[in-house]
Number of protein chains: 2
Amino acid sequence: MNTRVTMADVAASAGVSTMSVSYTYNRPSRVSAATRERVRAAAATLGYAGPNRTARSLRSGRHNSIGVVLGEKLTYAFEDPQARRFLSGIADACLDADTALVMLPNLHRDKDIARIRDAQVDGYVVWTTEIDDPLLDVLVETGRPTCIQGGPDHPGLNWIAIDDRAAAGAVAIAALNGRSRPAVIALRPDTRRESTVVRGADASDISMPVTRSRLEGYRDACLHSGIDWSTVPTLFTTDNTRAEGERAARLLLHDNDIDALLVMSDELALGTLDAAAASGIDVPARLAVTGWDDSPAAAAAGLTTVAQSLFDQGRSAARWVLGLSDGVENAIWRVEERTSTASETAPKPRTV
Amino acid sequence: MNTRVTMADVAASAGVSTMSVSYTYNRPSRVSAATRERVRAAAATLGYAGPNRTARSLRSGRHNSIGVVLGEKLTYAFEDPQARRFLSGIADACLDADTALVMLPNLHRDKDIARIRDAQVDGYVVWTTEIDDPLLDVLVETGRPTCIQGGPDHPGLNWIAIDDRAAAGAVAIAALNGRSRPAVIALRPDTRRESTVVRGADASDISMPVTRSRLEGYRDACLHSGIDWSTVPTLFTTDNTRAEGERAARLLLHDNDIDALLVMSDELALGTLDAAAASGIDVPARLAVTGWDDSPAAAAAGLTTVAQSLFDQGRSAARWVLGLSDGVENAIWRVEERTSTASETAPKPRTV
DNA sequence: TTGAAAGCGCTACCAG
DNA sequence: CTGGTAGCGCTTTCAA
């Protein structure tokens, strides 16, 4: 263990002050070439590997690391394709900045909040959470820069997201072209996990901002298409998985006369295609389906979906948190219109 | 920012020494109930959230965090299903122990090694690397407990893995039942990324221990089945993806007369099934295929494969690193024999 | 360009 | 059970 060698040892060995050693590592230009050389030589001789990070953090208040808060067990984050792309973007920014990445699961217990508050990080990137998550105020109190993917827009914290409401409206319009009996398959409305079906779902009841905004957008499109929202069933899912999507579709298609499924993720949407295929329901002739995120599997399945780059959003959020940019970039989206929403009047898929 | 409130402030306010405050947080049983109560009250009044972690680390030398070293960009770790399951297991152990998880990509540059060495962690879990990775000696020098999934078995470091050689031998025997012209699709032999095909591949040339051991096992099985290893082509892939598997299979099947593909991952193996289907080659009648890891997709595709729990291995490795167990658990495996290796003499798939 | 002093906030150690 | 002392290894601040 060379941990024993300190800056003072190197200074003594090189015949200079500790400050010259410190400067040699932190601001080499402030030190004469001769001093620098002697310090390097002494360090090499003693096997000094550079300043102890903990002592440096204690004194300077900086950590060279970023915390990523996931509102789940990490297992979930690693399994969810969207979360993964976002994480990859963060990791990319960290690599550029030589910053460590600390994973901070938040299961909404007191100890989780304490762990996140006390984490030795310079700032936080949060993967979407509830509007009234008590963690948010705790993060504000840390005084550390924080950016939340998908919102909410909480005073004192930054956020990055596409305009989910507008995107939901646009993709729903693609599905509702000539159709009038839609149903919605929604992501979970809050951090609890229970599956429910309601008609005319009230977005203001929903505390996950992403789910809320997308639901508002679907509703906008229904109103615009002359569809009575109070008749439209919404199924809130528990997991963002293909199997859950299939289950949800079976339930909705069994109990209702549906000709369009507005689905808040590609994973779930692919599951609905499985269910339709199993039931012999032709997509798009008898049922239009839309997804969200434009995954490779969605493209392969001809699924109309909302395309956004979660990688870019992760990268942008992390860069802002690390002080490498003045603000987060504007997150862009577009509707990828494919065969799952094709109709006789508009037979040729196109990109809007 | 309540960061300003220190233990000394709380002690003064409660009319006790700093040590009593420290004990109240760290070893409450060593303090009288009365003192404890007064400290808690003073802390609440002042908004003191508990000991500063950085100062605690500096003084105690402990960090309450574990480093996960991945021999790639994190993007890769998040995309690779096997790495993900292993990471999930580590995360699970961390959650139990209230330990932070620090992600440490290793792109084999000097700065990566320095970042890993200087990370403020109590120990490391490493996702398989090369036998001669210079990082290994650096990890030994840190004096911190380290466990490597898949090896290598490096002096001073611990490792966890199944007996890859034995498992490879067993799964290959399942494929070679009545077949005599196998080819191997291997994971990469080292951290470089280039695709090559060789006949009679020499395992001792290979520096990734997992790849080496599996190749040895396949060779064992060939010898046992009377197949001349020097005639067996091995294709080393660059990425562990389905698309790469398809590409590899096309290449091998085009240039050779092959009746069995021994493939080192399910992802790659599923790609070979795609290639076979596209070429109208019947599996298993004209071609047997084996995979590795028993992913859900492998089960769905009827792929014979080696089953192991990378989640359990990650959890076990992390628990040992965190000092929660005396040693890593024995990692178990079994061959899941399915239709992709069925033959006339043994028509009924079974589990060995 | 260099250096001395003064802690960052906490806990190991040992004495009461 | 309680508390004083003595730093952990470094960087900020200010002076030379």
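Chain letters run A, B, ... following the sequence lines, proteins first, then strands; residues in each count from 1. Bear in mind the structure is a predicted one, so any value in this text is a computation, not a measurement. All values below come from the heavy atoms of this structure, side chains included, with hydrogens, waters and symmetry mates left out.
Residue contacts shown for A/R53 are absent, as no nucleic acid heavy atom lies under 4.0 Å away. Residue contacts shown for B/R62 are limited to sugar-phosphate atoms, with no base heavy atom under 4.0 Å away.
Residue B/N52 has no polar side-chain atom (N or O) positioned under 4.0 Å from OP1 or OP2 of C/dC8. Side-chain N/O atoms of B/S22 include one lying less than 4.0 angstrom from OP1 or OP2 on C/dT11.
Between the CG atom of A/L46 and the P atom of D/dG9 there is a distance of 14 Å, given to the nearest Å. If you measure from atom CG of B/N26 to atom P of C/dG9, you get 17 Å, rounded to the nearest angstrom. Here C/dC10 presents its P atom at 17 Å from NE2 of B/H63, a figure rounded to the nearest Å. Per the geometry, CZ belonging to A/R56 stands 14 Å off C1' belonging to D/dT12, to the nearest Å. Between the CZ atom of A/R36 and the C1' atom of C/dT1 there is a distance of 12 Å, given to the nearest Å.
Around atom CZ of A/R109, more than 12 heavy atoms belonging to other residues, nucleotides or ligands sit under 6.0 Å away.
With sequence neighbours left out, the side chain to side chain contact (heavy atoms under 4.5 Å, CB included) criterion links A/N26 to A/S22, A/R56. A/S316 meets the side chain to side chain contact (heavy atoms under 4.5 Å, CB included) test with A/I160, A/V328, A/E329; sequence neighbours excluded. Every residue was checked against the ring-ring contact (aromatic ring centres under 6.0 Å, His included) condition with B/Y124, not counting sequence neighbours, and none meets it. For A/D153, the side chain to side chain contact (heavy atoms under 4.5 Å, CB included) partners at least two apart in sequence or on another chain are A/W159. In this structure A/R188 satisfies the salt bridge (charged side-chain N to carboxylate O under 4.0 Å, His left out) test together with A/E72, sequence neighbours excluded. Evaluation of the salt bridge (charged side-chain N to carboxylate O under 4.0 Å, His left out) rule for B/D132 yields no partner, not counting sequence neighbours. Judged as a side chain to side chain donor-acceptor pair (under 3.5 Å), and not counting sequence neighbours, A/T75 has no contacts.
At least one donor-acceptor pair under 3.5 Å links the side chain of A/S65 to the backbone N or O of A/Q120.
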Next on the checklist: Across nucleotides 1-8 of chain D, 5' to 3', mark each nucleotide with B, S or - according to how protein heavy atoms within less than 4.0 Å reach it.
Outcome noted: SBBB-BBB

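Annotation: the terminal axes of the helix from C/dT1-D/dA16 to C/dG16-D/dC1 meet at 30°, where each axis is the rotation carrying the C1' atoms of four end pairs onto the next four (5 pairs per end, rounded to 10°).
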